[in-house]
Amino acid sequence: MRPDEIDLDAGLVARLISAQFPRWASLPVERVASSGTENAMFRLGADLVVRLPRYPGAVADVEHEQRWLPRLAPLLPVPVPEPVGRGVPGEGFPWPWSVLRWLDGRNPVAGAVEEPEALAEDLGAFVAALRRVDAAGPPGYRGVPLNTRDDSTRAAVAELGDRVDARAVTALWEEALRAPAHSGPPVWAHGDLMPGNVLVRDGRLSAVIDFGTAGTGDPAVDLIAAWYLLPASARPAFRKAVGCDDAEWARGRGWAPSIALVALPYYWETNPPVAATSRHVIAEILADAGRGL
């Protein structure tokens, strides 16, 4: 997906584990199928997973998650990754890496969740709980004012050309930019609540993973879950569970297509699952506009 991405395989992971965590050296290593763009994951035995950055831009996330996940986990209503080992460069791999507890569940399919109302309430409860965490944390990757996305969003629309309804998505984007900015103190947000970072079991939220973008700022970015994960019928339940006002909802309605539009041309060929999710989000946002939502 990137020119500076390195090749990772189960053999390398097995050598890293053997050299640095010999107590786990006898456990089988198996790559986890994932559409993730920042890290690769390898299941280690039944109860562990190894997570390694794919390229230099993802390296800082390792220390970030190692530091903050143990502090956040006790305050959240569903499990999040638990770091149990801090790997260092070795065996030809140049960066730090992590061993975490394995979390059961599967990624939901955007627009086809089993229990939409229940999942909406679960997601809303997670977002609300994260917002209650003491905000003495690092700035979030996406906790910035929405207008800082203007250039990249418009550039993506131009690059996509006739693959999207440029006039319609630009009108929606400009409407979102007119929403009042976040005026309160910085608040914790996950920053990337999309299908690949959510696990469900029996239709309910069972875990939230990948906290590389988590931090404090404008929490409206977490409202993207309404369009990335839920059908229109379940969005009111999610909004009620979060407890956001009209201005924040409008900013969230801008964050969702902005992220999707920027991702779409980049991953159109290199990561079909991410591209498909992006197209779904754009379609959902446009459909909401047609319904006057």
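Positions are given from 1, in the same order as the sequence printed here. Any value given below was found using the heavy atoms of this structure, including those in side chains, with hydrogens, waters and symmetry copies removed.
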Checklist entry - Could you go step by step and tell me if Arg54 and Glu5 meet the salt bridge (Lys or Arg N to Asp or Glu O under 4.0 Å) rule? => result CA-CA 5 Å; Arg54 293 172 178 264; Glu5 186 172 324; 3.1 Å; yes
Item to check | Pair His64-Phe211, ring-ring contact (aromatic ring centres under 6.0 Å, His included): steps then yes or no | outcome: CA-CA 8 Å; His64 179 78; Phe211 280 68; 8.8 Å; no
Next on the checklist: Between Asp218 and Arg251, is the salt bridge (Lys or Arg N to Asp or Glu O under 4.0 Å) condition met? List the steps.
Outcome noted: CA-CA 9 Å; Asp218 179 1; Arg251 295 196 303 278; 2.7 Å; yes
Checklist entry - salt bridge (Lys or Arg N to Asp or Glu O under 4.0 Å) between Asp246 and Arg239: does it pass, once the steps are laid out? => result CA-CA 10 Å; Asp246 289 344; Arg239 180 175 177 176; 2.5 Å; yes
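There is a path of hydrophobic side-chain contacts, each under 4.5 Å, that joins Leu193 to Leu76. Phe21 and Val13 fall within a single hydrophobic cluster, where Ile, Leu, Val, Met, Phe, Trp and Tyr side chains are chained together by heavy-atom contacts under 4.5 Å. Residues Val29 and Val49 do not share a hydrophobic cluster, defined by chaining ILVMFWY side chains whose heavy atoms lie under 4.5 Å apart. Under the 4.5 Å side-chain contact rule for hydrophobic residues, Val133 and Val127 share a cluster. When hydrophobic clusters are built by joining Ile, Leu, Val, Met, Phe, Trp and Tyr residues whose side-chain heavy atoms come closer than 4.5 Å, directly or via intermediates, Leu72 is grouped together with Val221.
Within 6.0 Å of the CD atom in Glu30, the count of heavy atoms belonging to other residues, nucleotides or ligands does not exceed 12. Other residues, nucleotides and ligands place no more than 12 heavy atoms under 6.0 Å from the CG atom of Asp202. For Asp9, the CG atom counts as densely surrounded, since its 6.0 Å shell holds more than 12 non-hydrogen atoms of other residues, nucleotides or ligands.
Between Trp227 and the options Trp249, Trp255, Phe238, a ring-ring contact (aromatic ring centres under 6.0 Å, His included) holds for only Trp249. Of the candidates Leu12, Leu27, Val99, Ile17 forms a side chain to side chain contact (heavy atoms under 4.5 Å, CB included) with just one, namely Val99.
Closest heavy-atom contact between Leu48 and Arg101: CD2-NH1, 3.7 Å. For the residue pair Val198 and Pro108, the shortest heavy atom distance occurs at O-CD, 3.2 Å.
In this structure, Met194 and Leu229 have side chains that are not in contact, with every pair of non-hydrogen atoms separated by 4.5 Å or more. At least one side-chain heavy atom of Leu160 sits under 4.5 Å from a side-chain heavy atom of Leu264.
Cation-pi contact between Arg86 and Trp97: absent, since separation from the ring centre below 6.0 Å together with deviation from the ring axis within 45° is not met.
From Leu205, atom CG reaches atom CG of Leu199 across 8.0 Å, with rounding to the nearest 0.5 Å. Atom CZ of Arg253 sits about 14.5 Å away from atom OG of Ser258, to the nearest 0.5 Å. Here the CG-CG distance, from Leu172 to Asp288, works out to 9.5 Å after rounding to the nearest 0.5 Å.
Applying the ring pair (Phe, Tyr, Trp, His ring centres under 6.0 Å) test to pairs two or more places apart or on separate chains, none has a residue in residues 98-156. Screening residues 159-168 for salt bridge (Lys or Arg N to Asp or Glu O under 4.0 Å) gives no qualifying pairs among residues at least two apart or on separate chains.
The aromatic rings of Phe93 and Trp95 sit perpendicular to each other, their planes meeting at more than 60°, with 30° as the lower class boundary.
For Glu38 and Tyr55, the side-chain atoms include at least one donor-acceptor pair closer than 3.5 Å. Checking Arg51 against Ser98 by side-chain atom types alone, no donor-acceptor pair falls below 3.5 Å.
By the salt bridge (charged side-chain N to carboxylate O under 4.0 Å, His left out) test, Arg131 pairs with Glu248, sequence neighbours left out.
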